[in-house]
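Okay, so here's the structure we're looking at.
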There are 2 protein chains.
Amino acid sequence: MSENAVRRPTIVQVARLAQVSHQTVSRYLRHNGGLKPDTVRRVEAAIEELGYRPNLVARSMRTRRTGRLAVVLPAPALLLPTRLLSAAAAVAHEAGFLMEVVSVEGGPVERSDHAWELISSGQVEGVLSLSSLPGLSDQPRTASSAAFVVVGEYDDELRGIGELADASVVGEIIEHLAGLGHRHFMHVAGPDAWSSARARRQVYTEVIERLGLVSHGVVDGDWSAQCGYEAVRALAEDSPVTAVIAANDPMATGAVRAALDRGWGVPQRLSVSGWDDLELGRFATPSLSSVVVDREEQGRVAMERLIALVRGEPEPDAARRPLNRLVLRESTGPAPVPAP
Amino acid sequence: MSENAVRRPTIVQVARLAQVSHQTVSRYLRHNGGLKPDTVRRVEAAIEELGYRPNLVARSMRTRRTGRLAVVLPAPALLLPTRLLSAAAAVAHEAGFLMEVVSVEGGPVERSDHAWELISSGQVEGVLSLSSLPGLSDQPRTASSAAFVVVGEYDDELRGIGELADASVVGEIIEHLAGLGHRHFMHVAGPDAWSSARARRQVYTEVIERLGLVSHGVVDGDWSAQCGYEAVRALAEDSPVTAVIAANDPMATGAVRAALDRGWGVPQRLSVSGWDDLELGRFATPSLSSVVVDREEQGRVAMERLIALVRGEPEPDAARRPLNRLVLRESTGPAPVPAP
DNA sequence: GGACGGAAAGTGAACGATCACTATTCTTCC
DNA sequence: GGAAGAATAGTGATCGTTCACTTTCCGTCC
């Protein structure tokens, strides 16, 4: 280990050089005004000469504010919700916060613990989670300032924040396909760790039942194209399944390729729908029917809620336009006649 | 704003409750050992009762260590290098650091400034950058502990860290295609902000010239499929170009689709290669020839270097196996005869 | 000339941990 | 029984800022 002989200059050293008190320098730094032009000049010169930068750790300690918000993701997140994160970061930045992305290994409990640790150790002022955080409200909330927002949550207290839209779109897909003559479905789901995956699976099951259709199973996927591929490959040659509802685009892509590889036309023999409207799906052949998710809006809304929570302001619950919208492309079509 | 009436318990309160000194509690927390079983029990009970969690900000202030490392990305990063980040995070975590991802808007200068700010304000101990940070070494390095690692850098002092491999692979692609009879090429490049994009572009130009081939332009892309699509759509019907080297898979996918849309067979009329070996490209039809980039290894190596730097240890320069490897799939093939 | 008052600047105590010492207790061994 | 030395615990300073108060300066008004 190397010893750091050189120490960063402090506010006191600046003050000494500028021949003022440390408090005056502090005032300058906080832009508090009320300083004589001459004083300002001397302070600025001293800061410049010493190459001084305020120690934000020390400031945080005193003010008890860190200006940091964390986004907690399940790891390994093979598929980062990039657009959501970008939008959320922009909102955070706008409000003067720094957003950081933390991915946590392990199950829901580990994630919960980690999120709680982040908050209660004073490292961040708020946590945005993309997975459910079970048992978090059971924690001893000695710190009153804990601020959590869970995105895409469906089965906890925040039920239906934007997820009802989710539901309706899964319904839409199935209804649309049913209208085209499809009766036998399969669902390739995402991992349970993701609340959005759970929501889609649940709605799939409900709607299939409600419409009196037949589900030929729900495959536990891992968001990867490979598992979509295997799901379709595993179907019998004379399987009655004519429509695959995948919980994301990569799994849908895998399903399409598996169908093509075994000589099944898409959508002539098998219709496949994805989710997320990835651009690669948009430009693929056949292009992928998918669900446009307004990730930007989702990220914005979530971050706005979090910031309001952190600041103790009322939640901004503007009327939300639906976040999700079905887009039909080449990978879905009428059910084959006669049905296989 | 809501006043936080409740204040988090401190080490002193724990000490009081456990009837020991605050230092003893501190010892317990740092696992320093040398505590009597009975003392440990009392401390633990007190911590439990108060719901105490150490304030990491205060600890950081005293120890001057934050245990945080930042990854700085150009924003808007439409395409987060997910696998690299995951691997890097794992290494960081292993070494007891928390890795956070910060995306910075603006140009190279803004990114540089931001990176410097992160370090010099004591918020993080090191910065990993995926874009070059110009002028950073010009900064007054009053703080001796500044630790930066730039990944994929090509034109700064860290020249050729793993990027020579990059070069050789672009060369490989072109040589391979030339061997299949291709003479007329086009390159769809990524944004200059990304050092990897600059590297690929540069090597493309060099190799085309070295082999005496013909380049029909370099398109300034933005990593998006759309721009790949437009690049190929813009070609004349009788364009001599038979091979498109795209700097990533989405742009390659766009190029493929554009070709198919205008009735050009891929690879019969046009060969297209991508970069990154995205799984969607692997499962697309035609599947995409691409470059397998060992992002995990890249992330690991970069993070290991950073951590070594932060700790003042010598850099671990184990013999590196090449990070990049060309994978030929369905989207590349022999040049059409007769050439158009 | 003195009282008043606002602007500008200073003083010392937090914030909540750890560090560097010092003090106490407990063994052990002669 | 007592001294040496290890094991255990305590004391006060310190990290670099901001907060709450106090002080000084300076012009104005009666």
Side-chain angles (χ1 to χ4, degrees), chain A residues 1 3-44 46-47 50-67 117 120-123 125 142-143 145, chain B residues 3-4 6-43 46-47 50-67 120-123 125 142-143 145:
Chain A
M1 301 268 178
E3 280 304 316
N4 288 342
V6 182
R7 206 119 108 189
R8 301 217 309 265
T10 76
I11 206 173
V12 177
Q13 291 173 43
V14 172
R16 195 144 46 211
L17 186 59
Q19 297 189 296
V20 296
S21 75
H22 64 278
Q23 173 61 359
T24 299
V25 179
S26 179
R27 279 197 190 97
Y28 169 80
L29 292 172
R30 308 306 308 277
H31 311 103
N32 272 351
L35 297 189
K36 282 193 199 165
D38 180 60
T39 312
V40 169
R41 220 171 298 122
R42 290 215 309 280
V43 171
E44 280 174 346
I47 287 176
L50 293 174
Y52 168 81
R53 317 257 33 206
N55 181 327
L56 297 191
V57 175
R59 175 180 293 172
S60 285
M61 169 157 186
R62 179 71 245 231
T63 62
R64 282 206 212 68
R65 299 210 43 231
T66 57
E117 178 66 26
S120 66
S121 67
Q123 293 203 103
E125 298 183 50
T142 321
S145 59
Chain B
E3 279 304 316
N4 287 341
V6 181
R7 202 118 110 193
R8 301 217 310 265
T10 75
I11 205 173
V12 176
Q13 292 172 44
V14 172
R16 194 145 45 212
L17 187 59
Q19 298 189 297
V20 296
S21 74
H22 63 277
Q23 172 62 357
T24 299
V25 179
S26 178
R27 277 196 190 98
Y28 169 80
L29 292 173
R30 308 305 308 278
H31 310 105
N32 273 351
L35 296 189
K36 279 194 198 165
D38 181 58
T39 312
V40 170
R41 220 172 297 121
R42 290 213 310 279
V43 171
I47 287 176
L50 293 175
Y52 168 81
R53 317 259 31 205
N55 180 326
L56 297 191
V57 174
R59 176 180 292 170
S60 286
M61 170 159 185
R62 179 71 245 233
T63 61
R64 280 205 209 67
R65 298 209 45 231
T66 58
S120 66
S121 67
Q123 294 203 102
E125 297 184 50
T142 321
S145 59

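Convention: sequence-line order gives letters A, B, ...; per-chain numbering from 1.
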Distance check needed: [N] [atom2] versus [X] [atom1], whole Å only.
X: Gln19(B); N: dG10(D); atom1: CD; atom2: C1'; result: 15 Å
X: Arg27(A); N: dT17(D); atom1: CZ; atom2: P; result: 16 Å
X: Leu35(B); N: dT25(C); atom1: CG; atom2: P; result: 17 Å
X: Arg65(A); N: dT18(D); atom1: CZ; atom2: C1'; result: 14 Å
X: Arg62(A); N: dG12(C); atom1: CZ; atom2: P; result: 16 Å
X: Arg64(B); N: dT17(D); atom1: CZ; atom2: P; result: 11 Å
X: Asn55(B); N: dG16(C); atom1: CG; atom2: P; result: 7 Å
X: Gln23(B); N: dT14(D); atom1: CD; atom2: P; result: 16 Å

Could you tell me whether the phosphate oxygens of [N], OP1 or OP2, come under 4.0 Å of any side-chain nitrogen or oxygen in [X]?
X: Thr24(A); N: dG10(C); value: yes
X: Thr63(B); N: dC15(D); value: no
X: Thr10(A); N: dC15(D); value: no
X: Tyr28(A); N: dT17(D); value: no

Check your understanding: Closer to the 5' end of DNA chain D via nearest nucleotide, is it Lys36(A) or Ser26(A)?
Key ->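 Going by which nucleotide is closer to the 5' end, it is Ser26(A).
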Exercise for review: Indicate yes or no: at least one non-hydrogen side-chain atom of Arg65(B) is less than 4.5 angstrom from one of Ser60(B).
Suggested key: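 Not in contact.
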Could you check whether [X] gets within reach of a base, just the sugar-phosphate, or nothing at all, counting any heavy atom under 4.0 Å?
X: Leu56(A); answer: nothing
X: Arg30(B); answer: sugar-phosphate
X: Val57(B); answer: nothing
X: Ser60(B); answer: nothing

Mark yes or no for whether [X], through its side chain, and [Y], through its backbone, hold a donor-acceptor pair below 3.5 Å.
X: Thr63(A); Y: Arg59(A); value: yes
X: Arg8(B); Y: Ser120(A); value: yes
X: Ser121(B); Y: Asn55(A); value: no

**Study point:** Side chain His22(A) and base dT18(D) donor-acceptor under 3.5 Å
**Key:**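 Answer is yes: a donor-acceptor pair is held.
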**Study point:** Under 3.5 Å donor-acceptor pair, Arg7(A) side-chain atoms to dG16(D) base atoms
**Key:**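 Under the 3.5 Å cut-off, the side chain and the base do not form any donor-acceptor pair.
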Point to revise | Single hit among Ile47(B), Leu17(B), Leu50(B) for side-chain contact (heavy atoms from CB on, under 4.5 Å) with Pro9(B) | key: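 Of all the options given, the one that passes is Leu50(B).
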